[in-house]
Structure formats: C-alpha cells, structure tokens
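These notes concern the structure reproduced below.
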Amino acid sequence: MSDSEDMPLAIRKKNANNSSDHSDSDSDVPLGKRKRSAARQVIKDDDEDDESIQNSGSDSDKPLVKRTRPAVRRKTYQEDDDSDDDDDGDYNSNHKNGSASKKSKDSNSSDSDVALAKRKPTTNGNGDAKRTKSAPKYKEESSDSDSEMPLAKKASAKKEAPAKKAAAKVKVESGSSKTSKSTSKSTSNGKTATSKSRVKSEPESDTKPKKPKKEEEEEEDLNAWWLNQNENEDDSVKWTSLHHNGVFFPPEYIPHGVKMKYEGKAITLAPEVEEVASFFGAMLHTEHAENPTFRENFFKDFSKLAKRHKTVPEIKSFSKCDFTPMYEYFQAEREMKKSMTKEQKQSLKEEKLALEEQYGICYLDGRKEKVGNFRIEPPGLFRGRGKHPKTGCLKLRVQPEQVTLNLSKDAPVPKAPAGHKWAKIVHDDTKTWLATWKENVNDSTKYVFLAAGSSLKGQSDMKKFEVARRLKGEIEGIRRGYMADLKDKKMFIRQRATAMYLIDRLALRAGNEKGEDEADTVGCCSLRYEHVTLEKPDIMHLDFLGKDSIRFQKDMKVDEQVFKNIRLFKREPAQEGDELFDRLKTSELNKHLQNLMPGLTAKVFRTYNASFTFQDQLQKLTPADGTVAEKLLAYNRANREVAILCNHQRAVSKGHAGQMEKIQDKIRALKYQKYKLKRTILTLEPKLKKKRPEFLEPESDLEDSWMDEYEVQLMAKEKEKVTLKWEKENQRRKENKEKPQTEKELKDMLKEVDARAKELAKERKSGNVPGARGATVEKCEAQLLKLDERIAATRTAMTDKDENKQTALGTSKINYIDPRISTAWCQKYDVPLEKIFTKILRDKFKWAMTVDPDWEF
DNA sequence: GTGTGTACTTAGTAAATAACTT
DNA sequence: AAGTTATTTACTAAGTACACAC
C-alpha cells in the first residue's frame, strides 16, 4: 500500500495541487495526505510538561525585534541577544518533570561553564523564576539510544524509536570512533579497488587491450589519470600548462525591423531598443512574461533604454506596449527553422562543429581537454527563479573588455575580437577557469570552465565521492555524537546537533545566509520559525522553499529529543521571520564537521546518503535473474528513491494529465473486456449467477456512458480497418492486374460492422453475451486472470509515471550517486552501460569504469 | 567574529535530437 | 514526411564553502 506507511522519515511530498485525480477508485494511489494540524497550539498545550522557558518571559521581552525580513536576520538578533547568549547553557532540557530551561539573560558569562551546570535551580540573574526544579542531573538521558539510526531508509525509522537504550552517551567528540568495520576496502583514494575490469558493453569508450591503432585511443590512455593517481599531491596547483583559444562572443544583433506597437500604433525603435523589446516579445505568454516583477524590471530597463534613444513617442507605460508583432515574428521564425532543408541544417551543424573545434578544446598539461561553456552568455532578460527581486532585469551584452583570461605564461594569448581587447590576462595555476567576467544584474562572477568529462572535473568528482565514502566509515560515531549533543546544555551545541540531525536524516542543504536582493529561500541553518511546525507526539512538518525556490514539504517522525529541541528553538524567537537556529551558522557547523572528519562539510551528507541509499536500494531491488528491462526498472526505482530523498523536482509536463487519462482509458478498456467475459460466462452457465456473484458485480470505474462511447469508437476503428484493408487489397490486385473488389463489397463489409455494433448494444442491454466461438467457462476465467494481470501491470506503470512526473532523476544521477555503483552493477548484472548513462555521462564518469563487479561504495 | 568576494558544484528548464506515430 | 512525444544536452541560475580583510 501506500508507501508512506513504511517510509517514516522522508515521507513524500504531498502533491498538493497536482494530484491528478484519477478517479479510478481502486486505483488511486494514496500519495500521502497532508496532515497539517495546528501544530503551534499543540505545542502550547504541552508546554506544561516542559520546561519553563517561558516564564523566563523575561527573555522574551527583549527587543528581539529582529528583522522582519529574512535577509539580515541574524545580526540584529545576535546583538541584542548577546548578553544572554551565554546562558544558554543554562537552559536545560527537561525530562520528565519538566525542567526548566531558561535563558536568563543574566550574566553568566562563559557559556562554557554551563556545562553540566544546569542543575542549579537557582534563579539566575533576573530571577526568572523558572521552575527549575528538579533538575535531574541531566546527563544520562536516555534517548540517545537510538542514535544510530539507519537513516533515511524507510522501514528502519519506523521501529527505531524505542530501540535499545544504549546509554551510550558518548560524547563523541571529534574523532569519533573509528568503527569502520565496514567493508570498505580502500577508503582512501579509490584507486584501490580499481584497476582491472572495465565495464563492458560500451562500444565507444572501450579501450580494449589490444593495441590501439587510432591515435585517439592512445590519447585516451594518456588521459586516464585515474589509473595512476598520486595520493597526496598538492592539489592547490591545478595545472602546469594551459593553452586555449579564448571565448566565443555571440554575434552582433541584427535588427529584424518588426515593429511593436505603442498605444496601438507601430513604433520605430533603434536597433538597441528593438533588441530588448524582442527579448520580451519572444517570451510573451510564458510564465515569466506574466510575472509582475519580471514585467516591472523589464520595463524599467526597457523604457530607460528607449528614452536614452529618444524613442518617439516616449515609452512610458507598459500597458500601452504591444509586443505581439514581435512575438508572431519569432513564432514564424521558429516554424521556418523547423522546415529548413537538409542542406541548411547540415551547414548549420558544420558551423557549430567548427566553433567547437576552435573554442571547445584546450590543452591542459599538454593533454587535449574539452571546454565546457566557451560561449559568453548572450544578452537577454535575467530569468531569476521564484520570487527573485531582479527577475526580468536586462542582462547586458558582455564586451571583451570585461573578460579576463587565464592561461599559462608560455601560451599564446588568443586574439580579442577586432577592435577590442581583453580585460586582463592572468596566469593563475591554482584556478581551473579559463575565462571570467562580471555579470551586471547581480554583480556575480561568471566563469568558463572545462567540460564535465575533463580530467580536472573528473578528479574532483572522484574526490568528492571518496570523501563521502570516508564518511561512511565515520557515520556511526558521528551520529552517536550528535544524538548525544542534542541534550547538551549549550544552546549552540544543541542547535548544531539538531541541525546535523536534519541534514543527515532529511538531506537538507546547509543553508547559507542570503542577501536582500535574492529570492527568499532557505536551507537547514537558515530555516525560520514559520517553516517548521510540530505535531504532538513526534511529528515534524517542514515546509519551505529551498534552492531554486523548490518547495520542500515533508512530514516526518523525528527523534523525541529533536522534537523537544525544535519546540524550544521555536519558542525563543519572538516572531515569525526569526531563525530557528539563531546561534548557528554554516561556517561554524562546517568547522565542527571538519573536526569530526577532515574534508567533511554539510553537503557531504547529501552525497553520502544519496549514494548509500542508492546502493542499498539497488541491491534490494535488482532481480538477479530478471530481464534487462526488469533490472533497469529496479535501477530507476533506486534512482527515484534518491531523487525523492534529495527533493529533486521538475515541472510537470504539459501533456501529463492527458497522458494519464490515456492510460486510464487503456485500463478501462481492459476492464471492459473483463466485463464482457464475465457476461459470457454467465451466458454460458447462468447458474453461476448464484454461486459466483462476483461475476455480476460491475467493474469499478466503468460507466455505461463510457462503454457506449467506447463501443462507438471501437466500431469506428473497425470500419477504418476494414476500409484500409479493402484499399490495400485493391492496390495489390491492381498491380497484379487482377480484378478489383467492388465498392459494394466494401459497403457490405461495413454493414457487417454496423450489425456488430447493434449486437454490442443489445448485449449490453440484455447482459447476454454469447462470446467467441468455442468459449467455455474455463477459458474465460483464464482470460480474466490474464486481464487482471495486465490491469495490474498497467496500473503500476501509471503509478510509476505519475510519481515520476515531478521527480527529476537526472540531478542525483549526475551529482550524487557514485558512478562506480552503477558501473559495478552493470557488470555484475550484465546490463549495457549505455542503458543507464548517456554519452555525456559516460564521458563524465570514465574514471569510474574500471571497477570490480563487486565494488562497494 | 563579521562581512565580502571568489571559485566551484548543483539545479531546473529550454532547446536540440532521437524515437515513435500517424 | 510530418507531427508528437521522450530523451539528451546546453544553458545559466543558485547553491556551498572557504579565504581574506577588517
């Protein structure tokens, strides 16, 4: 049944609006319902049991006013808060009797001392009366017990709660136990296991043992850096020699002369103005062009430019602009492009190839490497995502004078376009970029890098996964550590541990601070009050916009202490807009992680959990003796688990609803057949009506009106078929000089179809269905079973498709899943690699091709 | 510590192609 | 052959992380 059930942690997002309601009663897929109760209140009630923090009303009184807006948040708060900062320590967790936590603003200086201190009920400073009562000696708490949660995986979580009481409160400081009992051989630099076997079945990159005759192959060998990796080389120096041809600038603007209208009249624009108007015109009827912010920003820049060019009449109002003529022009252009002749297309292709030849290649330490984005970004309207305040602003054309090139000293400096020069030429061998410039809208820096398949990128990619694999060996201790820290007296540590829990278990991003003029999105450390709600015993609802303004919405059962902590953090800030982790910053978090394991940062958890989950799922789902198709299905399902974990989404495609409807109709057609078969059975053996009443039950979701329509269509198709057959036959006869069939023959046949249609109608009415010749009850029953299978299969496919509609598998495949898991799997199960990796991916992951079939992440 | 800037990874979507229909 | 639809690649925005200046 619904997977949500066994999938505690990462319950899937509820598809709020998108739930395409397939009404099929029995088929609906319960995708998880939203449980959004009034969490806040809940908390309140439970307060009683819990610590008092509140009475420390005092604290709240402070001017916590922090910024209302997300942007600047922390600072203000911090400031005023400083004072009490220290005492967080004081605050303690409660434990059953409700202890008090409080944060007296008072003095206690060093937070450090707070250490276990808490117990002292005493009032601190201001008398917050907190009822510190009982102050149990804090420590020992139970909960850490379950620390080792398996993470993410469904099943596990469910039970995890009670678990063993291990008591291991281990403080985990850094080092954390080395429990690496793990299998992983070679934690180090991957090179270990490698060597030998190569994934087979890949035509193109197969370096066979035989001697390469083509020089390309030789070259490939030279490029096989992964074969002789040198452990600790200084990796701050990225190259010793770098030659390239610079960057490609988009062509000058060529005016098309199509005039937009202003106040209903065609208006003449200078080419520069026309260009910008065209940017908008081309986007008419897109979501962006409907976005008010986008329009405003566009218009501001556009009207200013128009004014500068003394456009008459002056363009003062967006609403008086009509870009339709331009829109239509571009539509026509598009059509034109589609209908280009072969030759035209061919020559276009050649041009592109020539460009790639010139700019798409560079020499790094003498080796030929591909350059990624060698084209300077063309001017246009900035397409900021979500509620980006600057979306729609004019992105100016980049001039060579803004572009700095990076290459080695001995490399010839590429010529700047005629009449231009470069901003600067540098020779920085600690950087991987070939060119850079500043973009005008957000003042951000843009770079030209090598392609994903290059050695530089490949090396760092491999390194990334090796770090994640090292985490695999440390994760147990790290988890134990943060579980214990959840109860630390220092607020800061507690927040840090709680954040680690979320990052680890929910694959949240770190959540750096953001500026005012960016979309308001958050990650773990920047979560705010309003993004989290709690529901009584231990359910947490997260709902916020993450990277790219993609909504993250999940409800999950969390550890008891995490629940308490969050309740506490939520209480501190006075109002919405405040940060949940008000004393935690990503830099501090990472600093701590670095101590736990060199190279560890917040994002590594995502990589680790993604790869680990994938391997785990793949191993569980792959049918060893299934067909390739079945194995691929398993692969994709494992991939999807990961995509869901990482919340990788995509827009639902335009035709999706229609496609679902089509499949639904297919299912209905199958049900229709079932219905007919059942009637046939009853016609053959009326007695069964009593004995097998189920034969009388109507098929779900199969209405008479639908069947009427279906039969009509069926007959129409039949007629078409008959006609076609007739025509074909005549064609044949003609060729063979035989006598053609007459029109009458066709008519007769069509009449037969009509007769059949009547029969169908009659059958439906009477319920009497004779069935095919030779039909027997047994045969019909067998067919019924087959139909059930097909229905089930189709329904599964539909569920699959529906779930996939908003889940993007690509991102995790490209960035999070260690490709060696895939290449090993392909070898082990004999699946051709190209079934799972496209050409570009095979190129990007060539370093991962040489693993043993039993390689483990 | 905070604040700012840089460099590089990760991300969804638009455009281009390939595969499949009609 | 043309029209769809599905898949792959190109594009560039939006993150993370860390260094450096104050």
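Any value given below was found using the heavy atoms of this structure, including those in side chains, with hydrogens, waters and symmetry copies removed. Quick note on labels: first sequence line is chain A, next is B, and so on, each numbered from 1.
Counting only N and O atoms by type, the side chains of Glu350(A) and Gln346(A) include a donor and acceptor under 3.5 Å apart. Judged purely by distance below 3.5 Å, without hydrogens or angles, the side chains of Glu579(A) and Ser526(A) never pair a donor atom with an acceptor atom. For the residue pair Thr430(A) and Asp428(A), a side-chain donor N or O sits within less than 3.5 Å of a side-chain acceptor on the partner. Side-chain atoms of His656(A) and Asp802(A) form a donor-acceptor pair, as typed in the model, at a separation below 3.5 Å. Tyr635(A) and Ser822(A) share a donor-acceptor pair across their side chains, judged by distance under 3.5 Å alone.
Atom CD in Glu834(A) sits roughly 15 Å away from atom C1' in dT8(C) (whole-Å rounding). Rounding to whole angstrom units, CG of residue Asn373(A) and P of dA14(C) are separated by 17 Å. Counting to the nearest Å, the P atom of dT9(C) and the NZ atom of Lys370(A) are 11 Å from each other. Leu434(A) places its CG atom 13 Å from the P atom of dA7(B), with the value rounded to the nearest Å. As rounded to whole Å, 12 Å separates atom C1' of dT7(C) from atom CG of Leu809(A). The distance between atom CZ of Arg551(A) and atom P of dG12(B), rounded to the nearest whole Å, is 16 Å.
In this model, a side-chain donor or acceptor of Lys547(A) finds a partner on the base of dT10(B) within 3.5 Å.
Within the 4.5 Å cutoff, the side chain of Val371(A) has no heavy atoms near those of the Ile361(A) side chain.
Figure legend: Lys457(A) and Phe449(A) shown as a cation-pi pair, the cationic atom lying under 6.0 angstrom from the six-membered ring centre and within 45 degrees of its axis.
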Item checked: Worked verdict on His648(A) versus Tyr816(A) for ring pair (Phe, Tyr, Trp, His ring centres under 6.0 Å) -> CA-CA 11 Å; His648(A) 289 145; Tyr816(A) 288 105; 5.5 Å; yes
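Considering only the side chain of Lys585(A), dT2(B) comes nearest among dA7(B), dA11(B), dT2(B). Residue Tyr447(A) has its side chain nearest to dA7(B) when only dA7(B), dG15(C), dG12(B) are considered. Taking every side-chain heavy atom of Arg650(A) into account, dT13(B) is the closest of dT13(B), dT9(C), dT10(B). Checking dT10(B), dT12(C), dC8(B) against every side-chain atom of Tyr816(A), the shortest atom distance belongs to dT10(B). In the set dG15(C), dT9(B), dT9(C), dG15(C) carries the atom at the smallest distance from any side-chain atom of Lys514(A). Which of dT12(C), dC8(B), dG12(B) sits closest to the side chain of Trp433(A) comes down to dC8(B). When distances are taken from the side chain of His388(A) to each of dA14(C), dT5(C), dT9(B), the shortest belongs to dA14(C). For Gln649(A), taking side-chain heavy atoms from C-beta onward, the closest of the listed nucleotides dG12(B), dT9(B), dA11(B) is dG12(B).
Taking 4.0 angstrom as the limit, Thr432(A) places a side-chain polar atom (N or O) nearer than this to OP1 or OP2 of dC8(B). Between Gln659(A) and dA6(C), a side-chain N or O to OP1/OP2 separation shorter than 4.0 Å is present.
Heavy atoms of Ser444(A) sit nowhere under 4.0 angstrom from any nucleic acid atom. Nucleic acid contact for Ser812(A): none, since no nucleic acid atom lies under 4.0 Å from a heavy atom of the residue. If you check every strand for non-hydrogen atoms under 4.0 Å, Gly372(A) touches nothing. Leu841(A) comes within contact range of no nucleotide atom at all, as no heavy-atom separation falls under 4.0 Å. In this structure, Lys352(A) reaches the sugar-phosphate backbone alone: every heavy-atom distance under 4.0 Å involves primed, P, OP1 or OP2 atoms, never a base. Using a 4.0 Å heavy-atom criterion, one finds that Lys338(A) contacts no nucleic acid atom at all. No engagement by Thr436(A) is indicated, since no non-hydrogen atom pair under 4.0 Å with the nucleic acid exists. Backbone-only contact: Gly384(A) has heavy atoms under 4.0 Å from sugar-phosphate atoms and none from a base. At the heavy-atom level, Phe449(A) lies under 4.0 Å from base atoms of the strands shown. Residue-level contact check: Lys337(A) touches the backbone only, with heavy atoms under 4.0 Å from sugar-phosphate atoms and none from bases. At the heavy-atom level, Lys395(A) lies under 4.0 Å from the strands shown only through sugar-phosphate atoms. Residue Lys654(A) is classed as having no contact, given no heavy-atom separation below 4.0 Å to the nucleic acid. Within the nucleic acid shown, Lys463(A) has no heavy atom closer than 4.0 Å to any nucleic acid atom.
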Check nucleotides 16-22 of chain C against the protein and report each pair of N or O atoms closer than 3.5 Å, with its distance, or say if there are none.
unit_1: dT16(C); atom_1: OP1; unit_2: Ala510(A); atom_2: N; d: 3.3
unit_1: dT16(C); atom_1: OP1; unit_2: Gly511(A); atom_2: N; d: 2.7
unit_1: dT16(C); atom_1: OP2; unit_2: Asn512(A); atom_2: N; d: 3.0
unit_1: dT16(C); atom_1: OP2; unit_2: Asn512(A); atom_2: ND2; d: 3.3
unit_1: dA17(C); atom_1: OP1; unit_2: Thr601(A); atom_2: OG1; d: 2.8
unit_1: dA17(C); atom_1: OP1; unit_2: Ala602(A); atom_2: N; d: 3.2
unit_1: dA17(C); atom_1: OP1; unit_2: Lys603(A); atom_2: N; d: 2.7
unit_1: dA17(C); atom_1: OP2; unit_2: Asn590(A); atom_2: ND2; d: 3.1

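Rounding to the nearest 0.5 angstrom, the gap separating the CG atom in Leu394(A) from the CZ atom in Phe298(A) is 9.0 Å.
Between Ser549(A) and Lys801(A), the residue anchored closer to the 5' end of DNA chain C is Lys801(A), taking for each the nucleotide with the nearest heavy atom.
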